[in-house]
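These notes are about the structure you will find just below.
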Amino acid sequence: MKILLVEDEQKLAQALGRGLGLEGYTVDNIADGKKALTRISLHRSDYDIVILDLMLPSMDGYEICKQMREMNITVPILVLTARNETDTKVQLLQSGADDYLVKPFSFSELTARIRALLRRPSEKLPETLAVGDIELNPGERRVRRSGKEIPLTLKEFGLLEYFMRHPNQVVNREDLLNHLWDFNYVGFSNVVDVHVKNLRRKLDSGGSDSVLETVRGIGYRLTQ
Ligand code: CA
């Protein structure tokens, strides 16, 4: 799951980025309002949720919400507000935000809100994803194959979740990079291949048939 964090308080942004990273989310941070709107308009399908501070340089959070909705960008928006900003609730919901959190907030409160928004009925996420004999539970972050638990790293888990949400489709390396690595990542696209190779080895470790095939020159496909 990939988050766009729009926050100009550098220390807070760094702390949130680190914490959410440890929870298995990939986080892109942008400190400027207009830049954030440009990013989301060009890369709308990359993000699963937007966390938006209200007071930002060049364009405030209300305006960003409003313009996103006008562009029919439906990604859930969680707004961060300061305590002294009264009347914000109605205004926020009118501007298209899905939920808000008053600063200072606890990290566990934030992750609970994120999980709730990702479960919204508009894009309802099932409790457990199943493809063939593989089961993945995003909430518990567990994977089983034929009932046997398979321990995965965060990146491997993220890759498998992505494949399981796109079963029988060819997924290219670029999609995987965009979804699972942040935009500051500088490296070789073979980082994807290395993680996929490890994931495949673990999935097949019980002697089961391989379900993750390489589509030469393009990417990968998870087949049932
Ligand atoms: Ca701010």
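Counting from 1, the numbers follow the sequence of the chain as shown. Counting convention: from 1, in listed order, for ligands and their atoms alike. Model, not experiment: these values are computed from the prediction.
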Do you see an N/O/S atom of D53, backbone or side chain, under 3.0 Å from the Ca ion (ligand 1)? yes

The Ca ion (ligand 1) to nearest N/O/S of E9 less than 3.0 Å: no

Assess whether a salt bridge exists between R144 and E135, defined as any Lys/Arg side-chain N lying under 4.0 Å from an Asp/Glu carboxylate O. no

Do you know which N/O/S atom name in D8 is closest to the Ca ion (ligand 1)? OD1

Quick one, L92 and Y62 - any side-chain contact, counting heavy atoms below 4.5 Å? yes

So do the side chains of Y25 and L118 get within less than 4.5 Å of each other, counting heavy atoms only? yes

Using 30° and 60° as the class boundaries, would you call the ring planes of Y162 and H179 parallel, tilted or perpendicular? tilted

